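Working notes, structure below.
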There are 2 protein chains.
Amino acid sequence: MIILNEQDRIMPMYLQLYAALRDEIRSRIRPPGSRLPSRRRMASELSVSESTVDGAYSQLLSEGYIRAVRGSGYYVCEIDDLITFRSDTQPKDSDISHSGKIEVDFSASRIDHAGFPYNQWRKIQKNCFDELQPELLSSPPVQGYLPLREEIAAYLFQARGVHCSPDQLVIGAGTDHLLQILSFILDSHYSLTMENPIYLSTVAHFERLGHPVHFVDLDDQGLNADELEGLSHTLVYITPSHQYPLGFSMPISRRIRLLNWANDGEDRFILEDDYDSEFRYDSRPIASLQSLDTAGRVIYLGSFSKAIAPSLRISYMVLPESLLTLYNERYTAFSPAVSGFEQRVLAEFMHSGAFTAHVNRMRKLYRMRRALLVDLLSAWNDQIRISGENAGHHLLLTDLRGWSEDELCRCACSAGVRVYPISRCFHGELPERYRSTVLLGYAGLEPEEIRKGVSRLKVAWKLHNV
Amino acid sequence: MIILNEQDRIMPMYLQLYAALRDEIRSRIRPPGSRLPSRRRMASELSVSESTVDGAYSQLLSEGYIRAVRGSGYYVCEIDDLITFRSDTQPKDSDISHSGKIEVDFSASRIDHAGFPYNQWRKIQKNCFDELQPELLSSPPVQGYLPLREEIAAYLFQARGVHCSPDQLVIGAGTDHLLQILSFILDSHYSLTMENPIYLSTVAHFERLGHPVHFVDLDDQGLNADELEGLSHTLVYITPSHQYPLGFSMPISRRIRLLNWANDGEDRFILEDDYDSEFRYDSRPIASLQSLDTAGRVIYLGSFSKAIAPSLRISYMVLPESLLTLYNERYTAFSPAVSGFEQRVLAEFMHSGAFTAHVNRMRKLYRMRRALLVDLLSAWNDQIRISGENAGHHLLLTDLRGWSEDELCRCACSAGVRVYPISRCFHGELPERYRSTVLLGYAGLEPEEIRKGVSRLKVAWKLHNV
């Protein structure tokens with residue numbers, strides 16, 4: 001018995017009828033093969049219009065509950081039983097992030113928020129979102145929007161000595177995404193050789209794609225090419241400008257030895273991750289490894305996360321010719337991952353000069369914050385040592401009295417301050433010389449926060465002034 | 001002999017000195033181990049200030065060309081020879097896209113550009129880009145911005161009957177990116193079972209990650225679960241709402257058999273790609289397969305490429321509990337791939353109701369365009385057959401006279417019209433019954449373009465009116 005409610009303002013009559021018939025079919029009240037009443041008869045039985053029945057039947061038809069037999073009518077289809085039909089489920093509350101008593105967070109991934117040129121970005125955004133640009137809503141090329149690649153190529157040449165044509169640039173949705181692409185295009189017998197310590201999550205994509213992963217321990221100048229002898233079909237991943245997390249830069253001698261090592265075999269590549277190269281404070285930025293490469297052995301990787309905002313998921317890599325060929329063969333059938341619209345905005349932000357001006361302003365600001373932090377910490381020069389402070393957004397602090405990383409982090413935390421362990425960047429055991437070392441980022445902290453953080457740390461760590 | 005030019009307005013003195021010394025070191029005029037003159041002496045020799053020498057030395061020091069020995073001075077480091085130093089290379093011209101005489105392009109991937117609510121989007125963008133929102137510039141969660149996931153969950157329930165909590169939603173940078181994630185989190189012994197025909201590029205990620213790939217030929221109701229008997233540890237990829245490219249929707253009987261097949265084993269999943277489900281013209285959208293799933297076997301995949309714009313690289317998937325656990329274990333250490341800012345704009349676009357209004361408007365528009373195209377083509381009903389026209393952005397045209405796909409495409413092309421082959425969607429040989437079938441998209445074409453295209457096709461294909 002089908003009951004329809006004409007007063008129902010949410011569900012139109014034809015849908016009520018559709019749902020009622022559907023349920024009768026599902027529950028086998030109308031068994032497979034049985035014939036439905038003609039439209040006219042059904043309409044008159046239920047005192048509804050024929051168009052209501054029409055709507056219900058056509059919905060049942062398109063979902064495959066019934067089939068039409070020309071000149072004969074509608075018949076119920078053969079449908080397997082579903083064990084049960086889905087019942088409504090309560091959406092779960094999403095995890096509540098653990099309540100933070102942390103008042104000062106020396107995170108290395110934060111940037112300064114107040115200094116962002118909001119008005120300029122808004123204006124460029126508005127201008128770029130122009131309905132008269134026919135390609136605005138279309139999918140961008142998988143390799144990236146050409147004017148953006150041109151801007152990045154020009155910027156890289158000027159700022160980092162990187163030689164590349166826009167053709168060699170691949171735009172990706174963050175560094176992890178570019179590593180996915182890279183490990184996708186390389187044959188799986190290529191291994192990945194990583195600095196140890198390193199940002200460890202980068203390893204997983206390579207491992208999952210079947211690439212063997214090796215680690216090479218660093219001395220205080222970075223990676224030593226001697227350790228690579230005998231390796232072939234390998235991609236050496238390094239952060240030469242500002243080693244993460246240790247903070248030093250690789251001296252030119254090491255760089256050249258590494259390049260010469262790579263030049264010795266067709267099957268050796270160096271992946272230079274220049275993640276925060278815009279921010280070098282005590283001397284000019286060191287020329288990139290890529291700028292010294294004459295044989296197409298270096299893949300250069302960069303990102304706008306530090307220089308603009310982590311919210312903007314745009315990174316890029318420069319591929320040498322041989323890998324560019326592989327990329328074109330193996331990857332260009334995929335769809336792009338970076339918003340075409342945001343690529344336009346960024347291209348215009350760079351083209352207008354606003355990007356360079358912003359980076360220069362931020363460099364000044366971060367230099368001041370770093371100086372303040374270093375100055376304040378220097379009061380305990382005999383108890384702590386600072387290192388890796390020449391560039392980027394973080395420095396390392398080593399407790400010369402021998403407190404462990406864990407003690408340092410825990411005591412800071414109980415005083416409302418977060419400092420970061422570096423042991424999780426090490427593959428294998430934490431070397432003895434780093435057991436008392438923690439990482440402090442400063443770029444996202446106002447001067448008063450830095451002061452507050454340091455004075456809390458003094459108490460928490462029981463430091464006494466010189 | 002070092003010559004510095006005080007008049008050089010581009011390169012400051014200290015950099016000129018740095019470059020000159022660097023070249024002397026590289027060319028071994030200053031051999032490894034040799035001592036550099038003291039700062040005072042160098043300054044007086046060159047008649048420059050000590051601070052100029054200071055700047056040059058500190059740059060050489062930071063790049064590792066020289067080292068400082070306390071109380072003794074600066075010494076040249078041991079540096080391997082690089083075979084040659086890089087010479088400037090001419091950037092290559094980027095490929096010129098092949099000149100198009102195509103005047104009407106029946107592409108299925110185009111959307112209507114004029115109908116986009118530019119003003120609303122601009123306004124939302126401006127409002128969202130608010131410097132008072134502290135998280136605006138920060139990296140979004142890797143799974144996606146929570147308010148966006150909430151909007152999508154509500155939309156999916158209302159529009160597609162999909163039951164999910166925002167916790168089950170994963171936001172990705174396009175469908176290919178979500179497939180990368182999915183194949184990454186699944187163990188590699190999971191195979192992928194694909195409809196044949198299908199959009200073939202989706203296969204590559206699974207193959208590259210070591211998943212075996214099977215194909216199942218479709219009959220005219222879509223995939224038949226009988227063909228899957230015996231398969232285990234498999235993910236069945238289907239487009240039940242509007243098969244790509246054939247255009248039909250899977251009847252409920254097939255859907256339920258497929259679900260019952262999946263329910264028979266812990267290790268069977270169905271990947272439902274609902275890529276253009278917003279656009280169904282002759283009846284209500286068919287409820288999704290996911291809405292019938294009671295056992296957590298269906299992964300639901302959707303995208304904003306058709307409903308908003310291909311330029312916006314935002315897609316989403318709904319993971320059943322068991323896969324959500326794997327995702328949380330295996331993927332959350334990675335960084336997100338979708339701009340936090342664009343996720344905010346989209347969330348607000350949905351929240352304001354503008355999304356639903358836009359989709360409704362577009363559905364009406366596309367329905368009209370489809371009707372026009374179908375009407376115009378109907379003049380040759382005895383020579384051609386139309387199919388797959390009930391939904392989406394494209395339909396299929398079959399030449400009943402038996403012209404081949406290749407002839408149809410080539411003759412259209414020489415008349416300035418692009419229609420699309422479907423053979424490239426087939427794994428293996430094109431079945432005989434599709435040898436005269438081509439694909440025509442219509443969503444991105446104005447009525448006058450559709451008229452022009454059809455009248456050109458009439459001549460090119462030698463069709464005569466009934």
Side-chain angles (χ1 to χ4, degrees), chain A residues 58-59 62-65 77-80 82-84 86 89 91-92 94 113 116 118 122 125-126 129 131 137-139 146 163 165-167 173-174 176-177 180 184 201 208-210 251-253 256-257 259-260 283-284 286 294 309-313 333-342, chain B residues 58-59 62-65 77-80 82 84 86 89 91-92 94 113 116 118 122 125-126 129 131 137-139 146 163 165-167 173-174 176-177 180 184 201 208-210 251-253 256-257 259-260 263 283-284 286 294 309-313 333-342:
Chain A
S58 97
Q59 186 67 27
S62 75
E63 297 196 5
Y65 285 100
C77 297
E78 188 66 54
I79 297 167
D80 291 5
L82 251 189
I83 296 120
T84 52
R86 180 164 197 139
T89 47
K92 292 171 303 182
S94 49
H113 285 239
F116 191 83
Y118 291 90
R122 261 194 292 262
Q125 230 167 19
K126 182 164 166 286
F129 203 75
E131 47 264 70
L137 302 182
S138 302
S139 181
L146 184 59
H163 290 254
S165 83
D167 285 351
D176 282 351
H177 179 243
Q180 286 171 21
F184 186 89
S201 90
R208 182 64 187 79
L209 274 162
I252 190 77
S253 54
I256 288 180
R257 278 169 72 185
L259 284 174
N260 282 339
S283 52
R284 279 182 76 226
I286 293 178
T294 54
S311 149
L312 190 76
R313 308 306 305 159
F334 292 105
S335 53
V338 185
S339 159
F341 177 59
E342 235 163 42
Chain B
S58 96
Q59 185 67 27
S62 76
E63 297 197 5
Y65 285 100
C77 297
E78 188 67 55
I79 296 166
D80 291 3
L82 251 189
T84 53
R86 181 166 196 137
T89 47
K92 292 170 303 180
S94 52
H113 286 239
F116 191 82
Y118 291 91
R122 262 194 293 260
Q125 230 167 19
K126 182 165 166 284
F129 203 75
E131 47 263 70
L137 302 182
S138 302
S139 182
L146 184 59
H163 291 255
S165 83
D167 286 350
D176 282 352
H177 179 243
Q180 286 170 23
F184 186 90
S201 90
R208 181 64 187 80
L209 275 162
I252 191 77
S253 53
I256 288 180
R257 278 169 71 185
L259 283 174
N260 282 340
N263 287 351
S283 52
R284 277 182 77 226
I286 292 178
T294 54
S311 150
L312 191 76
R313 308 305 306 158
F334 292 105
S335 53
V338 184
S339 159
F341 177 58
E342 237 164 39

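This one's a predicted model, so the numbers in the text were calculated from it and none came from an experiment. Numbers restart at 1 for each chain; the letters A, B, ... are given by sequence-line order, proteins then strands.
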When A173(A), P310(A), P251(A), G340(A) are compared by non-hydrogen pairs under 4.5 Å with chain B, the top option: P310(A)

Options E342(A), R313(A), Q125(A), ranked by heavy-atom pairs under 4.5 Å with chain B, top entry: R313(A)

Exercise: identify the closest heavy-atom pair between A309(B) and L137(A): CB-O, 3.5 Å

Minimum-distance pair of heavy atoms, taken over all atoms of Y118(B) and H113(B): OH-O, 2.9 Å

Residue selection (most heavy-atom pairs with chain A, distance under 4.5 Å) from G174(B), G210(B), S139(B): S139(B)

Residues that Q180(A) engages under side-chain hydrogen bond (donor to acceptor under 3.5 Å, both in side chains), provided they are two or more places apart: H205(A), Y331(B)

Any residue meeting side-chain hydrogen bond (donor to acceptor under 3.5 Å, both in side chains) with S311(B), in chain and number order, not counting sequence neighbours: none

Under 4.5 Å from a heavy atom of chain A, the part of H177(B) involved: side chain

